[in-house]
**Q** 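Have a look at this one before I ask anything.
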Amino acid sequence: MFKALAIAGFSLSSLVISNVAQADWQLVNDKSQLSFVSIKKDSVAEAHHFTNLEGILTDSGKFSVNVDLSSAETLIPIRNERLAKLLFEASKFPNAVLSADLAKELSSVKKPGQHVLKGINAELNFHGNKKPFKIDVLVTSLQNGDLSVSSFTPIIINSDDFGVTEGVKQLQKLAGLPSIATAVPVTFSLTLKKQ
């Protein structure tokens with residue numbers, strides 16, 4: 001579940017189009033979503049998302065997305081609380097931050113339309129740990145001038161990489177489950193507006 005955060009953030013950065021690259025772009029929270037899938041009992045999958053995302057892509061290609069870890073929405077209030085407290089430890093680590101330098105990618109997109117950007121280098125800072133990722137994104141220049149950045153393939157986040165496996169075990173015990181997967185697929189669909 002927590003994995004999803006990482007993913008969404010970095011992919012946004014890759015959607016810049018050269019003819020609009022002279023202005024900063026701001027993430028539009030109510031038109032963006034970062035989702036993750038938790039798998040329990042080996043075969044029961046549930047989709048979740050975060051309700052509070054912030055991000056910016058500068059005209060120099062610096063991209064960052066902040067995920068408010070207390071904003072996980074699972075449609076079950078007690079599970080939302082447990083995720084924030086036991087897994088994310090949001091009181092100590094309130095945000096996950098995805099960042100990328102997209103200077104090269106800014107110049108590679110020549111005109112409005114759909115563009116697949118593969119192998120974008122990004123870094124996820126989550127739960128006091130940093131990990132590099134390569135992500136593939138689909139970037140689209142919309143009719144109203146906004147940019148849409150979506151995951152082209154899911155990003156897999158592993159709990160061991162970020163020191164949250166113990167939190168997964170605590171959630172499993174509290175819920176009385178035989179298993180909760182420690183590898184979580186994350187997808188995103190982000191909208192950026194020129195400031």
Side-chain angles (χ1 to χ4, degrees), residues 1-13 25-41 44-57 62-100 120 122-133 135 137 149-151 154-192:
M1 357 171 132
F2 48 90
K3 331 267 169 131
L5 14 145
I7 301 159
F10 21 93
S11 57
L12 291 180
S13 52
W25 295 82
Q26 189 80 37
L27 185 146
V28 181
N29 187 69
D30 63 351
K31 293 183 179 180
S32 300
Q33 184 160 304
L34 175 67
S35 301
F36 60 98
V37 176
S38 64
I39 301 170
K40 61 186 182 184
K41 299 180 185 178
V44 179
E46 297 176 303
H48 316 292
H49 66 279
F50 292 90
T51 61
N52 191 8
L53 307 172
E54 295 180 355
I56 191 165
L57 174 62
K62 301 293 183 192
F63 175 77
S64 70
V65 172
N66 292 321
V67 180
D68 176 355
L69 296 178
S70 67
S71 75
E73 181 55 70
T74 68
L75 303 180
I76 299 175
I78 188 66
R79 183 164 57 188
N80 296 349
E81 287 179 32
R82 288 175 176 172
L83 278 178
K85 183 177 180 182
L86 302 174
L87 182 63
F88 301 138
E89 295 185 281
S91 62
K92 186 176 180 182
F93 305 103
N95 299 304
V97 179
L98 181 70
S99 59
I120 301 297
E123 179 182 78
L124 178 62
N125 184 339
F126 170 52
H127 204 258
N129 296 283
K130 295 180 180 179
K131 179 174 172 45
F133 282 90
I135 59 172
V137 298
V149 179
S150 301
S151 48
I155 299 163
I156 306 301
I157 305 292
N158 291 296
S159 64
D160 284 346
D161 292 338
F162 296 97
V164 295
T165 301
E166 190 55 42
V168 173
K169 290 178 182 176
Q170 289 180 48
L171 292 175
Q172 179 181 335
K173 183 177 179 181
L174 278 173
L177 295 170
S179 66
I180 296 178
T182 58
V184 176
V186 176
T187 58
F188 56 88
S189 178
L190 306 171
T191 296
L192 299 176

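Side-chain atoms are counted along with the backbone in the values below, which use heavy atoms only and exclude waters and symmetry mates. What you see is a predicted model, and the numbers here were worked out from it, not measured in a lab.
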**Q** Closest approach of His48 and Ser38, non-hydrogen atoms and distance?
**A** NE2-OG, 2.7 Å

**Q** Does Leu83 form a side chain to side chain contact (heavy atoms under 4.5 Å, CB included) with Phe88? I'd like the steps, not just the answer.
**A** CA-CA 6 Å; Leu83 278 178; Phe88 301 138; 4.0 Å; yes

**Q** Backbone N or O of Val67 within a donor-acceptor pair of the Glu54 side chain at under 3.5 Å?
**A** no

**Q** Who pairs with His49 by side-chain hydrogen bond (donor to acceptor under 3.5 Å, both in side chains), at least two apart in sequence or on another chain?
**A** none

**Q** Begin from the C-alpha positions of Asp161 and Asn129 and carry the test side chain to side chain contact (heavy atoms under 4.5 Å, CB included) through to its verdict.
**A** CA-CA 8 Å; Asp161 292 338; Asn129 296 283; over 6 Å; no

**Q** So how far is it from Ser70 OG to Asn52 CG, rounded to the nearest 0.5 Å?
**A** 7.5 Å

**Q** Any chance you could lay out the side chain to side chain contact (heavy atoms under 4.5 Å, CB included) test for Ser64 and Ile56, step after step, and finish with the verdict?
**A** CA-CA 6 Å; Ser64 70; Ile56 191 165; 4.0 Å; yes

**Q** Provide the closest heavy-atom pair for Leu87 versus Gly167 in the form atom of the first, atom of the second, distance.
**A** CD1-C, 3.9 Å

**Q** Is the shortest heavy-atom distance from the side chain of Phe63 to the side chain of Trp25 under 4.5 Å?
**A** no

**Q** Has the side chain of Asn80 got a donor or acceptor atom that lies under 3.5 Å from a matching backbone atom of Thr74?
**A** yes

**Q** Kindly compute the distance separating NZ (Lys40) from CD1 (Ile180), expressed to the nearest 0.5 Å.
**A** 8.0 Å

**Q** Minimum heavy-atom separation for Ser189 to Ser150, with atom names?
**A** OG-OG, 3.5 Å

**Q** Does Thr51 have any side-chain hydrogen bond (donor to acceptor under 3.5 Å, both in side chains) partners at least two apart in sequence or in another chain, and if so, which?
**A** none

**Q** Using side-chain contact (heavy atoms from CB on, under 4.5 Å) as the criterion, list what pairs up with Lys169, not counting sequence neighbours.
**A** Thr165, Glu166

**Q** Would you name the heavy atoms of Leu124 and Ala96 that are closest together and state the gap between them?
**A** CD1-CB, 4.3 Å

**Q** Quick one: does Ser32's side chain have a donor or acceptor within less than 3.5 Å of a partner on Thr191's backbone?
**A** yes

**Q** Are Asp68 and Asn95 close enough that some pair of their side-chain heavy atoms sits under 4.5 Å apart?
**A** yes

**Q** Do any N or O atoms from the side chain of Asn29 and from the backbone of Leu53 form a donor-acceptor pair under 3.5 angstrom?
**A** yes

**Q** If you compare all heavy atoms of Phe133 against all heavy atoms of Ile157, which two are closest, and at what distance to 0.1 Å?
**A** CZ-CD1, 3.5 Å

**Q** Kindly say whether Val37 contributes a backbone atom to a donor-acceptor pair with the side chain of Glu46 at under 3.5 angstrom?
**A** no

**Q** Starting at CD1 of Ile78, measure out to NZ of Lys85 and round the result to the nearest 0.5 Å.
**A** 9.0 Å

**Q** Does Asp160 reach the main-chain N or O of Asn158 with its side chain, forming a donor-acceptor pair under 3.5 Å?
**A** no

**Q** Which heavy-atom pair separates Pro154 from Pro185 by the least distance, and what is that distance?
**A** CB-CB, 4.3 Å

